[in-house]
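Proteins get letters first, then strands, A, B, ... in listed order; numbering begins at 1 in each. It should be emphasised that the depicted structure is a prediction, and the values quoted were computed from it without experimental measurement.
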2 protein chains.
Amino acid sequence: MKWSELSDNWCPVARTLSVLGDRWTLLILRDCLLGLSRFEQFAESSGMTRHILADRLKRLVEAGILVRNPYSEAPKRYDYVLTEKGQELAPALMTLRDWGKKHLPVRRASAS
Amino acid sequence: MKWSELSDNWCPVARTLSVLGDRWTLLILRDCLLGLSRFEQFAESSGMTRHILADRLKRLVEAGILVRNPYSEAPKRYDYVLTEKGQELAPALMTLRDWGKKHLPVRRASAS
DNA sequence: GCCCCATAGTGCTGTTTCAGAACTTGCTGG
DNA sequence: CCAGCAAGTTCTGAAACAGCACTATGGGGC
């Protein structure tokens, strides 16, 4: 089955994953919830390639989770901010965070 | 950055995603929470290829989220059941489900 | 004994996605 | 005029994935 076909799946979990179930999208949303909004910030924070980042941002805008907002006219510059729909993903990120904190401790000695 | 390098990330969300942030893993866990446990059941329910399914099951067992359990000796057969660690992902799946139900309605006329 | 079935995978081939780095575009400041 | 910043785009090779066939092990019918 192709991944894109999940968007019509009967299961709401599958539909959700069809939007943000790839390897980087949730990390972008984490950064948004932490207050980041610019392309370079996402690139540095997540460590993903600029190519994939551009693609994911485009998809998130199409999905209505982010809005592409011009913050500078002179040299045309855009940043990305969460819509209400996107902000409602916060609980999901938090449950993932809590599970990770409990079950996936950092291996390095320097505790958080 | 390679995906596998996320497992040592400072961020618990990133560490969580390093385990189950690919395109199919959360769908397998959904099926587990729905009571499925056998290879063929997962394959049919999720529609993923058997190749990827085998790989994901192996990883989930290594991560301590599933256990591979022999349910038949005669022809050696195994099924997969959630550990406690795995069951604690239920809240995360539920928040994803709730978001999907609210924001990603099925396009087909036949409502749920 | 022989054949087919069920179950849990593995192998193979071609397509899609991803990683990494360089390049582009439009403007600012020196 | 050149360097620098920001938001991408282009290019090439590597990894992951899709689809299907195939293997392995035992059971049951005939």
Side-chain angles (χ1 to χ4, degrees), chain A residues 1-9 14 17-28 31-32 35-63 66-82, chain B residues 1-9 14 17-28 31-32 35-63 66-82:
Chain A
M1 178 194 283
K2 286 289 179 54
W3 184 252
S4 53
E5 296 168 26
L6 278 180
S7 55
D8 277 324
N9 198 281
L17 293 175
S18 76
V19 176
L20 39 83
D22 67 282
R23 287 188 136 88
W24 295 108
T25 299
L26 283 169
L27 235 36
I28 297 175
D31 286 345
C32 289
L36 304 191
S37 63
R38 312 242 280 246
F39 191 92
E40 301 292 333
Q41 291 175 326
F42 295 134
E44 186 188 8
S45 166
S46 66
M48 65 190 293
T49 65
R50 313 165 67 73
H51 194 94
I52 302 299
L53 175 56
D55 178 73
R56 292 301 181 275
L57 289 172
K58 196 182 301 178
R59 290 193 200 194
L60 286 168
V61 169
E62 284 169 4
L66 297 179
V67 285
R68 188 164 180 262
N69 170 249
Y71 71 91
S72 156
E73 276 301 323
K76 276 278 191 186
R77 290 292 143 73
Y78 300 91
D79 61 3
Y80 297 85
V81 296
L82 288 165
Chain B
M1 178 195 282
K2 287 287 179 55
W3 185 251
S4 53
E5 296 167 26
L6 278 179
S7 55
D8 277 324
N9 198 280
L17 292 176
S18 77
V19 176
L20 38 82
D22 67 283
R23 288 190 135 85
W24 295 109
T25 300
L26 283 169
L27 236 35
I28 296 175
D31 287 344
C32 288
L36 304 191
S37 64
R38 312 243 278 247
F39 192 92
E40 301 293 332
Q41 290 175 324
F42 295 133
E44 185 187 9
S45 167
S46 66
M48 66 191 292
T49 65
R50 314 166 65 75
H51 200 94
I52 301 300
L53 175 55
D55 178 74
R56 292 301 181 275
L57 289 172
K58 197 181 302 178
R59 290 192 199 197
L60 286 168
V61 168
E62 284 169 6
L66 296 179
V67 285
R68 188 164 180 264
N69 171 250
Y71 70 89
S72 156
E73 276 301 322
K76 276 277 188 185
R77 293 291 146 72
Y78 300 92
D79 60 4
Y80 297 85
V81 296
L82 288 165

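- Phosphate proximity of C:dG9 to B:Arg56: absent, as no side-chain N or O sits under 4.0 Å from OP1 or OP2.
- For the atom pair SG of A:Cys32 and CG of A:Leu57, the computed distance is 7.5 Å after rounding to the nearest 0.5 Å.
- Using a 4.0 Å heavy-atom criterion, one finds that A:Met1 contacts the sugar-phosphate atoms exclusively.
- Of the possible polar contacts, one joining the A:Ser46 side chain to the A:Phe42 backbone as a donor-acceptor pair under 3.5 Å is found.
- Judged by atom type and distance alone, A:His51 reaches the base of D:dT10 through a side-chain donor-acceptor pair under 3.5 Å.
- Side-chain to base pairing of A:Arg50 with C:dA21: no donor and acceptor N or O lie closer than 3.5 Å to each other.
- Salt-bridge annotation for A:Asp22 and A:Arg56: present, with a side-chain N of the basic residue lying under 4.0 Å from a carboxylate O of the acidic one.
- Residue contacts shown for A:Tyr71 are limited to sugar-phosphate atoms, with no base heavy atom under 4.0 Å away.
- Side-chain to base pairing of B:Arg77 with C:dA8: no donor and acceptor N or O lie closer than 3.5 Å to each other.
- Where B:Lys76 and A:Tyr78 each meet DNA chain D at their nearest nucleotide, the meeting point lying more 5' is that of A:Tyr78.
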Next item on the list: Take A:Leu6 and B:Arg23, measure what side chain to side chain contact (heavy atoms under 4.5 Å, CB included) needs, and give me the verdict at the end.
Entry: CA-CA 11 Å; A:Leu6 278 180; B:Arg23 288 190 135 85; over 6 Å; no
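- Comparing D:dA6, C:dA19, C:dT10 by their nearest atom to the side chain of A:Glu40 picks out D:dA6.
- Between the CD atom of B:Glu73 and the C1' atom of C:dT7 there is a distance of 15 Å, given to the nearest Å.
- Enclosure of atom CD in A:Glu5 by more than 12 non-hydrogen atoms of other residues, nucleotides or ligands within 6.0 angstrom is indicated.
- Rounded to an integer number of Å, the gap from CH2 of A:Trp24 to C1' of C:dA19 is 10 Å.
- Look at CD on A:Gln41: it is 8 Å from P on D:dA7, rounded to the nearest Å.
- We find that CZ of A:Arg38 is positioned 11 Å from C1' of D:dA7, with the value rounded to whole Å.
- Here C:dT7 presents its C1' atom at 9 Å from CZ of B:Phe39, a figure rounded to the nearest Å.
- Positionally, the nearest nucleotide of DNA chain D for A:Asp79 lies more toward the 5' end than for the other of A:Asp79 and A:Arg23.
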